[in-house]
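Shown next, in structure tokens, is the structure this report addresses.
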Protein chains: 2
Amino acid sequence: MDEVDSAIVHHLQKDGRLSNRALAEKLGIAPSTCLERTRLLRQRGIIEGYRAQVSLRALNRSVQAMVATQIRPLRRDVVAAFEESVTRLPEVVSVYTMAGSDDFLVHVTAQDIDHLHAFLLDQFTNRREIVGFRTSIIYQHLTNPVLDPLP
Amino acid sequence: MDEVDSAIVHHLQKDGRLSNRALAEKLGIAPSTCLERTRLLRQRGIIEGYRAQVSLRALNRSVQAMVATQIRPLRRDVVAAFEESVTRLPEVVSVYTMAGSDDFLVHVTAQDIDHLHAFLLDQFTNRREIVGFRTSIIYQHLTNPVLDPLP
DNA sequence: GCCGGAATCCGAATTTCCTTCGGTCGAAGG
DNA sequence: CCTTCGACCGAAGGAAATTCGGATTCCGGC
């Protein structure tokens with residue numbers, strides 16, 4: 001993980017479809033070298049994959065919320081089952097497993113407030129292991145597009 | 001946004017570097033048609049971009065935390081300034097602007113607990129507009145790789 | 001200092017892919 | 001029935017990805 005690798009990661013984070021040729025040119029190395037470097041980064045798991053970033057609004061998901069959730073008992077199997085089943089739900093964008101008073105933060109999306117309400121009634125109120133949850137609307141979600149190794 | 005567009009989005013979310021040819025073959029359409037469709041999706045802002053997904057561990061960021069932050073006064077300019085400056089920090093992955101008792105959730109990363117502590121002392125304790133923040137360690141962050149339009 | 005092995009890098013050649021463009025088909029409307 | 005428009009397709013030229021053999025550098029060991 002030298003500075004060439006860092007530069008590759010940096011550029012591919014900003015544009016995941018950057019052509020190998022263009023990337024090589026930016027770095028001042030041969031395309032074949034660049035290709036091998038990039039492939040190694042992928043193979044070593046440093047680059048985990050490539051994803052198209054999609055507009056939530058275009059996907060008919062204009063409302064976002066964070067659901068702070070507590071479950072009991074806090075057993076390994078209960079936690080794992082909750083994580084897996086919740087991640088599967090199409091309304092769920094991501095799940096943070098937390099230390100502290102809340103066991104999970106669940107980032108959910110819906111097309112409007114009514115659907116959000118219905119989703120929570122269907123998926124959270126019903127479950128026996130969920131002993132409490134607080135829902136907070138998200139006005140805006142900003143993401144840092146550049147993640148470099150911390151020095 | 002018909003079912004062909006949905007399928008394109010779906011596949012490119014799972015693999016953002018899928019070749020146009022392979023994508024066309026999956027959908028049973030001609031490569032030229034597929035290319036135009038994909039370009040239109042990009043142009044209409046439905047596909048916002050392509051990103052390489054990078055391992056936080058490989059980037060020397062093994063510790064994650066969520067910082068629930070309150071600022072005052074809650075004026076438009078103060079909020080905007082906070083969002084922008086915080087998003088710029090390399091330790092910050094994303095910022096949720098919230099309704100409710102917490103004004104922001106800031107997802108931060110650091111190489112270890114000591115660096116996290118130092119980061120918070122440097123960047124949060126100092127700021128005058130921050131009137132309070134609670135930090136919770138994140139054990140695990142799961143992401144749903146598939147986001148389709150809600151029906 | 002010298003040698004050998006391994007790792008890295010490069011450049012040319014081959015294969016694959018992207019991209020453009022002209023043409024076909026089908027639906028909607030006159 | 002005819003026209004028009006939009007969507008789609010297929011061929012072709014150009015560009016990019018990928019492979020591979022050879023050159024170079026780096027690093028221990030002697």
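Convention: sequence-line order gives letters A, B, ...; per-chain numbering from 1. For the numbers below, each heavy atom of this structure counts, side chains included, while hydrogens, waters and symmetry mates do not.
Separating the CG atom of A/Leu40 from the C1' atom of D/dT18 is a distance of 14 Å, rounded to the nearest angstrom. Per the geometry, CG belonging to B/Leu18 stands 9 Å off P belonging to C/dC18, to the nearest Å. For the pair A/Leu27 CG and C/dC9 P, the computed distance is 11 Å after rounding to whole Å. At whole-Å resolution of the value, CD in A/Gln43 and P in D/dT18 are 14 Å apart. Across the protein-nucleic acid pair, A/Arg39 atom CZ and C/dA7 atom P stand 17 Å apart, rounded to whole Å. If you measure from atom CG of B/Leu35 to atom P of C/dC21, you get 13 Å, rounded to the nearest angstrom. Rounded to a whole Å, the CG atom of A/Asn20 is 12 Å from the P atom of D/dT19. Between the CD atom of A/Glu36 and the C1' atom of C/dA7 there is a distance of 9 Å, given to the nearest Å.
B/Ser32 comes within 4.0 angstrom of a base, heavy atoms only. Contacts of B/Arg37 with the nucleic acid, taken as non-hydrogen atoms under 4.0 Å apart, involve only primed sugar atoms and P, OP1 or OP2.
When distances run from any side-chain atom of A/Thr33 to the nucleotides C/dC10, C/dC18, D/dC9, the shortest one goes to C/dC10. In this structure, the nucleotide among C/dC17, D/dA17, C/dT19 sitting nearest to the side chain of B/Arg21 is C/dC17.
Checked against the 6.0 Å centroid threshold, B/Tyr96 and B/His107 do not count as a close aromatic pair. You'll find the ring centres of B/Tyr50 and A/Tyr50 outside the 6.0 Å limit.
A heavy-atom distance below 4.5 Å is found between the side chains of B/Met1 and B/Ile46. At least one side-chain heavy atom of A/Arg37 sits under 4.5 Å from a side-chain heavy atom of A/Asp2.
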